[in-house]
Structure formats: structure tokens, C-alpha cells
Amino acid sequence: MSSPTTQKPATYVLVHGSWHDGRCWERLVPLLEKGGHRVLAPSLTGHGDKAHLLGEDVGLETHADDIAGLVTGEDLTGVVLVGHSYAGMVVSAVANRIPERIGHLVYLDAMVPADGQRAVDVQPVTQSLIDFARASGTGWRIPPPPEMPPPFGLFGVNDPADKEWLRTFVSDSPALTFQQPVHWDNRAADAIPRTHIHCVGATPEGVARQPVPEVQPNGSPSQVWELPTGHDCMVTMPAELAELLLRLA
């Protein structure tokens, strides 16, 4: 009789999108840790505990430095690297730099760039936010998009208490994060498996989702999962999101 195999704990690195910080993952983290997995949910430069570092020169490369530095500094390998929204740009840049340390890439309702693309190319509506900020005098500081009537809400969140909580930490993002091109040309990164999780609740007008190719760069069929909720699914459906992410451990 064979003995049962013991699953090795995974390491998840959760990367928040624009205007958020690491606190947005608070409901998800304990659900992943419950299985013995290690979870890191840092705030990117200019947000959360790094808000004092916000500046005009903070861009995509800065945020890639943040996450690549964390992964190498902690000597992490086999990382399940999750990027939400804008952070699809960040995790792509990180995988390009250190593909040998990444076990799985997860694009969570995220921008999915090609080499050389900027966030304004992947999601053109972001250019209108930059233009509005300049016209209103905030310059390089891009305020969070305004709350919209249901079902769009605040980043897809409609519960009043949840929206109030979100407002305690959402903050301006620097324009350069949307304007710097991603370096995504390291063919060694093609071997990394990728999963796309789409939030298929109401989508505001002007927000586009790029089609996922049927085949991943590593030759495997593409893996696309859906959650019936708004954009900030880690707030609205943490248990369901955890269930999906735990499949990748």
C-alpha cells in the first residue's frame, strides 16, 4: 500500500493594481494561508506603507523592481505570481527578468501586454484618465476613477460597507506607470504556465479585454476561468477566488 503524497506548500505573491495597495488582499490571504501556503501581498511604491515614495518618476519599472526585488531578496522559487488589473503589466515585467523563479503567472482581470506595449496601449481608457488629470491640474497624479452607479460601483464593488473600506486606502497613481513600455521578450519566460481569471460581472463602457490566445506560449491550451463579479473580486468573492488559486498550488 503506497503512502499518501504530501503536497509541498506553495508561495503566492499577490500584486495589486493601480490606486490600490496590499490591503486589498486582506480577505484572500488567510484563505490561502489556511492550507499552509506562504502568501506575500506587498504594496507597490507610492501606495500603502510606501505612499511617501510617490513621485513623478515612479513608473512600471519601479514596480517591477519592487516585486523582482522581493522575490530575489526572499530567495523565492516556484512562485505563483498573481497580478490584478494594471499589475498584469508588472508581473509580465517581473517574469521577463527572473523567469527561473516563477512557477505560474496569474492574470487576474488584468492587462495582458505584448512586448513593448504600455498600459495606455493595452487599456486605452487609461489615457483619458491621464488627460483628465492634466486638464484638472493634478498633473502626473492620476486620481482613482470615480464611483459609478450600480452595477459598476467602485472598482466593481457595490456593497456600501465594502466601498467605505476601499476608500480608506485607494489613492492616486503616477502617470508614468501607464506610460512605460513593458519588456516582455525573454523567451525563457515562455515556459511559465499562465492562467487568466476574468471577472465577468458588469464592465464599464470603454474598458476592453484582450482576447486570450487558444494556446499558451509553452504550447499548452490556454486556461481561462471566470468569476461572476466585478473587477475587485478579492473584495467581493474572496472564497471563490481562493478556490481557483489553490488549484495552482
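When a residue number appears, it is its place in the shown sequence, counting from 1.
- Tracing side-chain contacts under 4.5 Å through hydrophobic residues (I, L, V, M, F, W, Y), one reaches L44 starting from V94; they form part of the same cluster.
- Both V106 and Y12 belong to a single network of hydrophobic side chains, linked directly or stepwise wherever heavy atoms of I, L, V, M, F, W or Y lie under 4.5 Å apart.
- Within the 3.5 Å criterion, the main-chain N or O of A10 finds a donor-acceptor partner in the side chain of H37.
- Within the model, atoms OG of S18 and NE2 of H47 stand 6.5 Å from one another, a figure rounded to the nearest 0.5 Å.
- The two residues L129 and P145 come nearest to each other via the heavy atoms CD1-CG, 4.3 Å.
- At a threshold of 4.5 Å between non-hydrogen side-chain atoms, the residues V82 and V13 do not count as touching.
- Residues E33 and R38 are not paired through a salt bridge, judged by the lack of any N-O separation under 4.0 Å between the basic side chain and the carboxylate.
- Sorted by first then second residue, the salt bridge (charged side-chain N to carboxylate O under 4.0 Å, His left out) pairs that include residues 199-225, not counting sequence neighbours, are D109-R209.
- When only modelled atom types and interatomic distance are considered, T195 and Q223 share a side-chain donor-acceptor pair under 3.5 Å.
- Going from atom CZ of R194 over to atom CG of L81 covers 11.5 Å, rounded to the nearest 0.5 Å.
- Using a 4.0 Å cut-off between a side-chain N of Lys or Arg and a carboxylate O of Asp or Glu, R101 and E74 do not qualify as a salt bridge.
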For L227 and I197, run side-chain contact (heavy atoms from CB on, under 4.5 Å): C-alpha distance rounded to whole Å, both residues' side-chain angles, the deciding distance at 0.1 Å, then the answer.
-> CA-CA 7 Å; L227 287 171; I197 301 177; 4.0 Å; yes
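- Relative to the six-membered ring of W165, R27 meets both conditions, a distance below 6.0 Å and an angle of at most 45° to the axis.
- In summary, R23 and E26 do not engage in a salt bridge, as defined by a charged side-chain N under 4.0 Å from a carboxylate O.
- Using a cut-off of 4.0 Å between Lys/Arg side-chain N and Asp/Glu carboxylate O, D65 and R97 are scored as salt-bridged.
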Could you walk me through whether E147 and R167 pass the salt bridge (charged side-chain N to carboxylate O under 4.0 Å, His left out) check?
-> CA-CA 10 Å; E147 181 182 346; R167 291 190 189 99; 2.4 Å; yes
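- When only modelled atom types and interatomic distance are considered, Y86 and T126 share no side-chain donor-acceptor pair under 3.5 Å.
- Between I102 and A95 the shortest heavy-atom distance is CG1-CA, 4.2 Å.
- Side-chain contact between L166 and K163: absent, with no pair of heavy atoms (C-beta onward) separated by less than 4.5 Å.
- Cluster annotation: V170 and F152 are assigned to distinct hydrophobic clusters (Ile/Leu/Val/Met/Phe/Trp/Tyr, side-chain heavy-atom contacts under 4.5 Å, transitive).
- Residues W25 and P238 form no side-chain contact, since every pair of their non-hydrogen atoms from C-beta on lies 4.5 Å or further apart.
- T45 and T62 share no side-chain donor-acceptor pair at under 3.5 Å.
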